[in-house]
There are 2 protein chains.
Amino acid sequence: MARPAKVSPDRILAAAATEFAARGYAGARVDRIARRARVNKAMLYYHFGSKQQLYRTLLRSTFAQAAERLRAVGGGSHSPADMVDAAIATIADLAREETHFPAIMLREVAEGGAHLDRETLGALAAVPAAFAGIVSRGVASGAFRSVHPMAAYFSMLAPVVLYMAAAPIRRELADTGLLDLATLRPDDFVRHLQDSMRRALARDVSSAPPQSRLKRPTS
Amino acid sequence: MARPAKVSPDRILAAAATEFAARGYAGARVDRIARRARVNKAMLYYHFGSKQQLYRTLLRSTFAQAAERLRAVGGGSHSPADMVDAAIATIADLAREETHFPAIMLREVAEGGAHLDRETLGALAAVPAAFAGIVSRGVASGAFRSVHPMAAYFSMLAPVVLYMAAAPIRRELADTGLLDLATLRPDDFVRHLQDSMRRALARDVSSAPPQSRLKRPTS
DNA sequence: GTCTATACTTCGATAGAC
DNA sequence: GTCTATCGAAGTATAGAC
């Protein structure tokens, strides 16, 4: 949820995104969400019924958004390698716009989907499915070496999501002087990952085009 | 914490590892930890003082173990590429032995280190530091292309940890028929990642030795 | 749709006997 | 070191007026 929002349900969802991302399902407080959304707590229950339903609604929309963006990338007419570049940039962009996305994804994996119903699990499953489609076609067309699409999915998504989610702890570590990560800027990291994935997936070396301008980091 | 344990504090730590990994700091219940450790709750407080101190103790030992294993890998006399192979296998092995490690790592990143004191943060920082050392030397010696060591760290650790932590949700997705990930076995994934990292880091293609037998997945 | 007040429950932590 | 009993805080949720 980007920033403001006019209507109550939207403001509540935005506040919930911040709270659940920062504290997790169990650590999140309904009172804090209500206060941040500037609505009465009873209003929150009026619209969403329970903390759990609010959480599921948020996650469905978050996962659906990620899956939709990846499907859009896969629907284009670019080369498989360019699509993977674009997929990485897309996930990074999503993480920048919806800052709750990385932490929520990590938490839900760690949680084992404990709070999710079947429908929300389905929304989550659509994310790897969308990316796997891109890789499968690349393998089938001979553009990529023979890799398991799900292995490629984890190799791509995990670094982006973990790196983006680690922003707070990076600051913490920098402030206390324990480790300096300031020299690795987000855009540099995205480019590194794009280069690495290109090399990792290329069928053979000479066939790996140096790079495309298709979709590089934005901000 | 591997399996049983004779003494109370060890049993408590083992139980805490399971509980905190599965439910997170806020979701963990002191009563459940005590019951699982087969000790009285008062005993737990006698040994660890508070839920927070117990958590920090667990995390310090977990992170210290990971860092120590990576330092051991970096201390050998193998080629940088073989060391990276070994580092990946080492983290995967650690995740198999200490099954709480992946989830706890993901959760703490998402949490932004909220419950950690300076000492525990230092233990966490030692993990990337150990791996970065390996990569730095590889870059300096010309074995690797010029990459930011921290970028390589995230590209290596994140897939292993996220894949391993995702085991419960993979089962969930398979059971409900939403997504079949059964065809990607852990060992296959580790090998994929080793191959990918080798290709991603190699200075140029011809210089990338096909593979070493140094340390492949164990189990 | 909106708010106040509150019922009900759970949980971290401790007192105090042995 | 170990146990029972319990306190007090915090949290989800709802009743009921407007």
Side-chain angles (χ1 to χ4, degrees), chain A residues 1 4-60 100 104 107-108 110-111 113-117 120, chain B residues 1 4-60 100 104 107-108 110-111 113-117 120:
Chain A
M1 311 297 109
K6 307 300 198 290
V7 241
S8 286
D10 285 354
R11 283 216 316 277
I12 294 170
L13 272 175
T18 307
E19 177 75 3
F20 283 124
R23 317 231 183 198
Y25 180 80
R29 296 295 164 248
V30 174
D31 290 88
R32 259 199 302 259
I33 295 174
R35 189 158 37 80
R36 207 187 309 250
R38 299 190 314 278
V39 302
N40 191 279
K41 184 168 55 161
M43 212 50 227
L44 186 154
Y45 282 99
Y46 173 79
H47 282 299
F48 292 95
S50 72
K51 181 183 181 180
Q52 192 183 57
Q53 275 183 267
L54 172 58
Y55 185 68
R56 288 174 176 172
T57 304
L58 169 67
L59 262 62
R60 270 198 297 273
H100 65 281
I104 291 209
R107 286 185 191 279
E108 207 44 48
E111 206 90 345
H115 310 286
L116 307 187
D117 53 7
T120 313
Chain B
M1 311 296 108
K6 307 300 200 293
V7 242
S8 286
D10 286 355
R11 282 218 315 276
I12 293 169
L13 274 175
T18 306
E19 177 75 2
F20 283 124
R23 316 230 183 198
Y25 181 80
R29 295 295 164 246
V30 174
D31 291 86
R32 259 198 302 257
I33 296 174
R35 188 158 38 80
R36 205 186 311 248
R38 300 191 313 277
V39 301
N40 191 280
K41 184 168 55 159
M43 211 51 225
L44 185 153
Y45 282 99
Y46 173 80
H47 283 299
F48 292 94
S50 71
K51 180 183 182 180
Q52 191 182 56
Q53 275 183 267
L54 172 59
Y55 185 67
R56 288 174 176 173
T57 304
L58 168 67
L59 262 61
R60 271 198 295 274
H100 64 282
I104 291 208
R107 287 184 189 277
E108 207 45 49
E111 207 88 343
H115 311 286
L116 307 186
D117 53 6
T120 313

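Proteins get letters first, then strands, A, B, ... in listed order; numbering begins at 1 in each. These numbers come from a predicted model, not from an experiment.
Salt bridge annotation for A:Arg29-A:Glu19: absent, with no cationic side-chain nitrogen under 4.0 angstrom from a carboxylate oxygen. Ion pairing of A:Arg36 with A:Asp31 is absent here, as no side-chain N (NZ or NE/NH1/NH2) approaches a carboxylate O to less than 4.0 Å. Ion pairing between A:Arg23 and B:Glu111 fails under the 4.0 Å rule for side-chain N and carboxylate O.
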Quiz item: Step by step, would you call B:Arg56 with B:Thr120 a side chain to side chain donor-acceptor pair (under 3.5 Å)?
Solution: CA-CA 6 Å; B:Arg56 288 174 176 173; B:Thr120 313; 5.2 Å; no
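Proximity of A:Glu108 to A:Tyr55: side-chain heavy atoms (C-beta onward) are separated by under 4.5 Å at one or more points.
Between the NE2 atom of B:His47 and the C1' atom of C:dA13 there is a distance of 16 Å, rounded to whole Å. For A:Arg35 and C:dC3, the CZ to C1' distance is 17 Å, given to the nearest whole Å. When the P atom of C:dA15 is taken as reference, atom OH of B:Tyr46 falls 15 Å away, rounded to whole Å. Atom C1' of nucleotide C:dG1 and atom CZ of A:Arg38 are separated by 17 Å, given to the nearest angstrom.
Between the side chains of B:Tyr45 and B:Gln53, no donor-acceptor pair is found at a separation under 3.5 Å.
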Can you pull every protein N or O that's under 3.5 Å from an N or O on nucleotides 6-16 of chain D?
from   : atom 1 : to      : atom 2 : distance (Å)
D:dG11 : OP1    : A:Arg29 : NE     : 2.7
D:dG11 : O5'    : A:Arg29 : NE     : 3.2
D:dT12 : OP1    : A:Ala28 : O      : 3.1
D:dT12 : OP1    : A:Lys51 : NZ     : 3.2
D:dT12 : OP2    : A:Val30 : N      : 3.3
D:dA13 : OP2    : A:Tyr45 : OH     : 2.9
D:dA13 : OP2    : A:Lys51 : N      : 3.0
D:dA13 : N6     : A:Lys41 : NZ     : 2.7

